[in-house]
Every structure is written in C-alpha cells, then in structure tokens.
*Asks:* 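One structure, as structure tokens, below. Some questions next.
Below, read A as the first sequence line, B as the second, and so on, with proteins coming before strands; counting in each chain starts at 1.
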Amino acid sequence: MRLESNEHRLRFAPSPTGRLHVGSARTALYNWLLARHHAGVLVLRIEDTDAERSTRDLEERLMADLHWMGLEWDEGPDVGGPHAPYRQSERAAVYAARARQLLEAGRAFRCFCSDELLATKREAQRAAGEEPHYDGTCRRLDAGEAGRRAQSGETHTIRFHVPGGVVRFDDLVRGPMEIDSATLGDFVLLRSNGVPTYNFACVADDAEMQISHVVRGDDHLYNTARQVMLYAALGIPAPQFAHLALILDEDRSKLSKREGREGTYAYEYRDAGFLPGALVNFLALLGWSSPSGDDILDLERLVQEFDLDRVSKSPAIFDARKLRWMAGEHLRAQPLEALAERARPFLRAAGLPDDPERAAAWTAAFKDGIACLGELPPRVRELLHPGPLDAEAAAVLGQEEARRLLDTLADRLERVPGDTQPMDGAQFKRLLQECGRELGVRGKSLFMPARVALTGRLHGPELALLFDAMGRETATKRIRDAAR
RNA sequence: GUCCCCAUCGUCUAGCCCGGUCUAGGACUCCAGAUUUUCGAUCUGGCAACACGGGUUCAAAUCCCGUUGGGGACGCCA
C-alpha cells in the first residue's frame, strides 16, 4: 500500500453538473501533463455527490470532451482500476467507515441544527462583520445523548470538529501556506441524507486512491486547509498540493462565473472546428511557460517540458485573440490531406458537397485565412455563390482594358478542350500572364480583374488556389461573363 | 464585511528563489514597410511594462514593510 516516494498519482475529479469548462479543462490538462511527464498515473474520479445536479449524461459528455482534447486516464469509471469504483455516488461505504472512525475518535460530532437556523445565524454574523461560519452549538452536546437522538431517527449531519490552531502545508506553486483554522468553522462531513460533502469525500478518496499530488484551482485554498486537518485527524499522510491561479474573463472576473457566455466550454471549441491541439496549447500557456520561450507547442513537447516549477502564481486572463492566432498556426501546421479530412464534416454540416478532392481544394485555398474549420464553409459558400459586386469591384471590371483582357483570357480558356487537356491553377496563372504579355498588361491591373471576375471581390486567396477551388468550368464561365 | 492570495508592455509571459550581464527579452493585438497580384495570409521593423511609497544595499524588476489595485473564499455546491 505504500507509495513509492517519487511515484506520481494525479487525479482529475470533475463533478458532472455541467459541460467541461475551459478552466476545468486546464486543470485536467495540467494533471494529465504532470502524470505523463513523470511517467505516473492519472485517475479520473467522478464527484457526483450532488445528486440534484449530477447526471450520467453530463458525465459522458465530460469524458468525451476530455477525449477530444487528447487527454486519457489510466483509472476511471469507464476503464476501471485497482481502486474502483471511481464514482463517488458508488462509494458510500468508504465514507461511512471514515465518518465512524472520526466520530469514535471524538473528531467529529452529530449536529441537529436546522438549515433555517444556520442560515439565520450566518446572516447575523455577516451583519456583525464577522466571518460567517458554524458557531459550534452541537459540538457541546453530550456524545451519548446525541447518539441516542440519532438512533431515534432525528435528522442530523456529521460535522468535523475543527481543532483550532494554524494549518500549514507546502504548496508546490505558492510555497509555504498558513491558514488559521479559527476562520473555518466546523464543517459538514456527512449530510443529513448520509451523502458526504466535497471535502470529506475528496479526502477519503484521495487517500484511498493513493493520490500523491492534488493540482486544482486556488479557489480551493481554504478547502485544502480543511482537508489537511482531515488527513491529520484520520492519521493519513496528506498528498502534496499545488494551487493554480484562476483563469479570468476579459472583465477580470472568475472565468467559471461567466455561465452562458460564448467560449466558456471546451465543446464550443470542438464544435467551432478548433483543432484540439490548439486549445490544449493555449490552455497550457495560461499559467505556465516553456523554458524554450516558444509559444507553439504540441502535446509531445508539452509532456516533455511541463512541470510545476514554471507555473505562475498570478491569474491569467483568457485572451480569445491569442487563441485565434494560435489556432490558425496549428491549422497551418497540419498536412493538407489531414486538414481536408477534418474539414469534411464541417462542409457536410453546412450542406456543402464533401467529396475529398473538392474539400482538399477548398481547404488549400482558405486555410491561411481561418482559425478554425467552422470558418471554412462560409467562405466556400461565398466562392460557390458570389454576392453582388460592390462599387469598387464593379469599377475594376468597368475598365476597358480589363474587359479586353478577360475577353482574351476567356477565348483561350474556351479554346483548350477540357477533357483532353485538364488544367490546374498553375497553368491558369501562366495563361493569364501570357494574355497580359500580349496586351501589355501586368501587375495589379492584370491580376485584379481576374480576381474580381472569379470571385466578385477585391481580396482573397491566391488566384491559382481560387481556380482550383472552383474548377475550370466555373472559372471559365465567370471570366466570360465578366468580359461581356 | 471578514480572511486569504496575487501584482513586469492592453493581453499571455521571460527575468525574481541565487540582487549587478535589464538602456527589461519573447508572443498576441495594434501601427508602418515589404512581398514589381489583393488580403484578415507571409516577412521585416516599430509602439508599449517592472502599480505606488518607504526601507535594506555600493547596487533592486529582483530582498523586507506599508499603501493601492485586482482576484478568491466565507453552504447539508464542488
């Protein structure tokens, strides 16, 4: 049962009460990275003690979102493992045993205070400018008497008897921490329905599952103090803790409070066609930096370089612009074929033809200007069905010289039989330049009319790519139409 | 309100632990130029920060204290 001193057993312990949040995604990523970096183990534990809000469906989505990011776990509810079950709702016996242990040792007590009474007291304390917490009423009850009341069916909770004094622990990112337990108050271990609370279940499970490092957001700092006391009372050595500074929204509030706003959940990035490696890369850099100073890092390098010693103590703001840039970089780093394959579902979903060749041509044409695959279909649609010309574009085609050029070009295109001599973008470009030479047109006044004729717009990808993206037939027709 | 945490360009950060090499480096954004075809693409260049006040020291972004600012926690949620 003893843990090897340098063995790393990490865990990610989400509660299935919502989709995977980007903040949680980062926590999951850091845990995963640390486990992989140290050749350790990652445990996925489902903290579904909140029966009201937890659902199996959300649990599955959570796992799907983690998988999308490329994060795998070694032990968990789906894959099993030596410490199964990995769902807290299935581990009641573990918590009951621990609670009994604490009760018998006099480190916990039964509390018969009602919810309403507690709420009233909290309000009063708050109004008096005190830190609102449990006032210890039932702690003074006689244990035997309390036991009898419980026996007779009186509803009660089990609270931990906070011993007082200063709680100390060494945080791997923050250094030595000291928290005065007087600011904590006796907290609930088991609810009146017998279900454990977060802090209790967490400690019982981390201990049982031999977790060596707990890496989580620093909104848990006070919980860690509670948990450290629990470990002590239980006579179990505590794991090492590392508290991550939170990710903040652009308005500097906790990111996880921005429920309902765009870009809050991991799946939104998947649905928008971001490459998972891009989100992972971005999240990794929100609070950690590579010793190399590089920004674009793939999973392999992340695993190789990641460690807690370069994790930042100060909170980071989620900068959607930088993510966009980074996503584009990852997109462009993909081989064209692979990217086109990934693009097909997005084309299909947009009601566009999704055959491999056309997908490849479109992807080639537009990949430089997009950050995610979801941005591809609108561009393809516009290519297929150009809108009306704006004044500036119309002016380009209004030029006499441009018309003559396009007319010549159209003649050439029509003269070469398509089936015997297929033509690609590069050849088209040569043909265009040939026409230009004959008519004495070059530079902007050569390429711009062709661009407008083909797309109806002044800006866009390179002409050769555009030609390939629409195909010879369409291109020829558009050049001819524009020449009239 | 009480307690805790944090503090380098607008943003992510390097440097801070082991003071001098920092006239503070990189990246995103923005701006300019270049690419004798455009661009939200590419390349090059530029703007831009050690929150403030005290110490300590020959010397402080780096160490200490305070102020200010920001964030978090104060549940039978996690």
*Asks:* Between B/A49 and B/G10, how far apart are the two P atoms, rounded to whole Å?
*Replies:* 7 Å
*Asks:* Under a 3.5 Å limit for both distances, which nucleotide forms a Watson-Crick or G-U wobble pair with B/C43, could you say?
*Replies:* B/G33
*Asks:* Does the side chain of A/Glu47 reach to within under 4.5 Å of the side chain of A/Pro16, using non-hydrogen atoms?
*Replies:* no
*Asks:* Which part of the nucleic acid, if any, lies within contact of A/Ser445, taking any heavy atom under 4.0 Å across all strands shown: a base, the sugar-phosphate backbone alone, or nothing?
*Replies:* nothing
*Asks:* Mind checking who B/A60 pairs with, Watson-Crick or G-U wobble, both distances under 3.5 Å?
*Replies:* none
*Asks:* Identify the nucleotide, in any strand shown, that forms a Watson-Crick or G-U wobble pair with B/U11, with both distances under 3.5 Å; if there is none, say none.
*Replies:* B/A27
*Asks:* Ring of A/Tyr267, cation from A/Arg19 - is the NZ or CZ under 6.0 Å from the centre and inside 45° of the axis?
*Replies:* yes
*Asks:* Using a 4.5 Å cut-off on heavy atoms from C-beta on, say whether the side chain of A/Trp288 contacts that of A/Leu244.
*Replies:* no
*Asks:* Any base atoms under 4.0 Å from A/Asn223, or only sugar-phosphate, or nothing? Heavy atoms, all strands.
*Replies:* base
*Asks:* Between B/G40, B/U2, B/G72, spot the one nearest the side chain of A/Arg457, thanks.
*Replies:* B/G40
*Asks:* OP1, OP2 of B/C76 versus side-chain N and O of A/Arg159: anything below 4.0 Å?
*Replies:* yes
*Asks:* Salt bridge check, A/Asp390 against A/Arg457: does any charged N sit closer than 4.0 Å to a carboxylate O?
*Replies:* no
*Asks:* Do the numbers put A/Arg26 on top of the ring of A/Tyr30, so that NZ or CZ is under 6.0 Å from the six-membered ring centre and no more than 45° off the axis?
*Replies:* yes
*Asks:* Could A/Arg159 and A/Tyr134 be counted as a cation-pi pair, given that NZ or CZ must be under 6.0 Å from the ring centre and within 45° of the axis?
*Replies:* yes
*Asks:* To the nearest Å, give me how far apart CZ (A/Phe282) and P (B/A27) are.
*Replies:* 17 Å
*Asks:* Rounded to the Å, how far apart are A/Leu405 CG and B/U37 C1'?
*Replies:* 12 Å
*Asks:* Give the B/S/- string for nucleotides 10-16 of chain B, one per nucleotide from 5' to 3', where a protein heavy atom under 4.0 Å of the base yields B, of only the sugar-phosphate yields S, and otherwise -.
*Replies:* -BBSSS-
*Asks:* Return yes if a side-chain donor-acceptor contact under 3.5 Å exists between A/Glu131 and A/Thr183, otherwise no.
*Replies:* no
*Asks:* How long is the line joining OH of A/Tyr222 and C1' of B/G72, in whole Å?
*Replies:* 9 Å
*Asks:* Please measure how far the P atom in B/C3 lies from the corresponding atom in B/A60, and state the result in whole Å.
*Replies:* 34 Å
*Asks:* Could you check whether A/Met326 gets within reach of a base, just the sugar-phosphate, or nothing at all, counting any heavy atom under 4.0 Å?
*Replies:* nothing
*Asks:* Check whether NZ of the Lys or CZ of the Arg A/Arg98 lies under 6.0 Å from the centre of the six-membered ring of A/Phe200 and within 45 degrees of that ring's axis.
*Replies:* no
*Asks:* Between A/Leu44, A/Ile46, A/Leu62, which is the residue that forms a side-chain contact (heavy atoms from CB on, under 4.5 Å) with A/Phe12?
*Replies:* A/Leu44
*Asks:* Which one is paired to B/G66, where only Watson-Crick or G-U wobble pairs with both distances under 3.5 angstrom count?
*Replies:* B/C52
*Asks:* Which value, in whole Å, describes the distance between the P atoms of nucleotides B/C30 and B/A41?
*Replies:* 8 Å
*Asks:* What is the base-pairing partner of B/C3, counting Watson-Crick and G-U wobble geometry with both distances under 3.5 Å?
*Replies:* B/G72
*Asks:* Check each residue of residues 114-122 of chain A for a non-hydrogen atom within less than 4.0 Å of any atom in RNA chain B, then write out the ones that pass by number, or none.
*Replies:* A/Asp115, A/Arg122
*Asks:* Fit a plane to each ring of A/Phe109 and A/His161, take the angle between them on a 0 to 90° scale, and name the class: parallel (under 30°), tilted (30 to 60°) or perpendicular (over 60°).
*Replies:* perpendicular
*Asks:* First locate atom OG1 of A/Thr197, then atom CG of A/Asp50, and finally report the distance between them rounded to the nearest 0.5 Å.
*Replies:* 11.5 Å
*Asks:* Calculate the interatomic distance between A/Asp390 atom CG and B/U38 atom C1'; express it in whole Å.
*Replies:* 13 Å
*Asks:* Tell me which nucleotide among B/C39, B/C74, B/C5 gets nearest to the side chain of A/Pro132.
*Replies:* B/C74
*Asks:* Using the P atom on both, measure B/U13 against B/C31 and round to a whole Å.
*Replies:* 25 Å
*Asks:* Scan every strand shown for a Watson-Crick or G-U wobble partner of B/C18, both distances under 3.5 Å, and answer none if you come up empty.
*Replies:* none
*Asks:* Reckon A/Arg332 has a side-chain N or O less than 4.0 Å from the OP1 or OP2 of B/U42?
*Replies:* yes
*Asks:* Heavy-atom count check: over 12 atoms from other residues, nucleotides or ligands less than 6.0 Å from A/Arg332 CZ?
*Replies:* yes
*Asks:* Take A/Glu59 and A/Arg87, measure what salt bridge (charged side-chain N to carboxylate O under 4.0 Å, His left out) needs, and give me the verdict at the end.
*Replies:* CA-CA 10 Å; A/Glu59 176 186 316; A/Arg87 230 174 249 120; 2.8 Å; yes
*Asks:* For atom C1', what is the distance between B/G45 and B/G26, given to the nearest Å?
*Replies:* 16 Å
*Asks:* On RNA chain B, nearest-nucleotide positions of A/Gly443 versus A/Asp48: which is more 5'?
*Replies:* A/Gly443
*Asks:* Tell me whether the ring of A/Trp325 lies stacked over the B/C28 base, given a 5.5 Å limit on centroids and a 30° limit on the plane angle.
*Replies:* no
*Asks:* Does a nitrogen or oxygen in the side chain of A/Lys254 sit under 4.0 Å from OP1 or OP2 of B/A73?
*Replies:* yes
*Asks:* When the P atoms of B/U8 and B/G40 are compared, how many Å lie between them, rounded to an integer?
*Replies:* 32 Å
*Asks:* Report the distance from atom CD of A/Glu382 to atom P of B/C39, rounded to the nearest whole Å.
*Replies:* 17 Å
*Asks:* Answer whether the closest heavy-atom distance between the side chains of A/Phe366 and A/Leu383 falls below 4.5 Å.
*Replies:* yes
*Asks:* Assign A/Glu462 to base, sugar-phosphate, or nothing according to its heavy-atom contacts below 4.0 angstrom with the strands shown.
*Replies:* base
*Asks:* Atom NE2 of A/His21 to atom P of B/A78: distance rounded to whole Å?
*Replies:* 18 Å
*Asks:* For A/His243, answer base if it contacts any base atom (sugar-phosphate contacts may also be present), sugar-phosphate if it contacts only those atoms, and nothing otherwise; contact means non-hydrogen atoms under 4.0 Å.
*Replies:* nothing
*Asks:* Can you pull out the residues from residues 364-377 of chain A that lie within a 4.0 Å heavy-atom distance of RNA chain B?
*Replies:* A/Asp368
*Asks:* Need one value for A/Arg174: base, sugar-phosphate or nothing, where a base atom within 4.0 Å counts as base even if backbone is also close, heavy atoms only.
*Replies:* sugar-phosphate
*Asks:* Expressed as a whole number of angstroms, how long is the span from A/Gln125:CD to B/C3:P?
*Replies:* 15 Å
*Asks:* Let's see if you can work this out: which of B/C74, B/C6, B/C76 has an atom nearest to the side-chain heavy atoms of A/Glu131?
*Replies:* B/C74
*Asks:* Is the shortest side-chain N to carboxylate O distance from A/Arg437 to A/Glu434 below 4.0 Å?
*Replies:* no
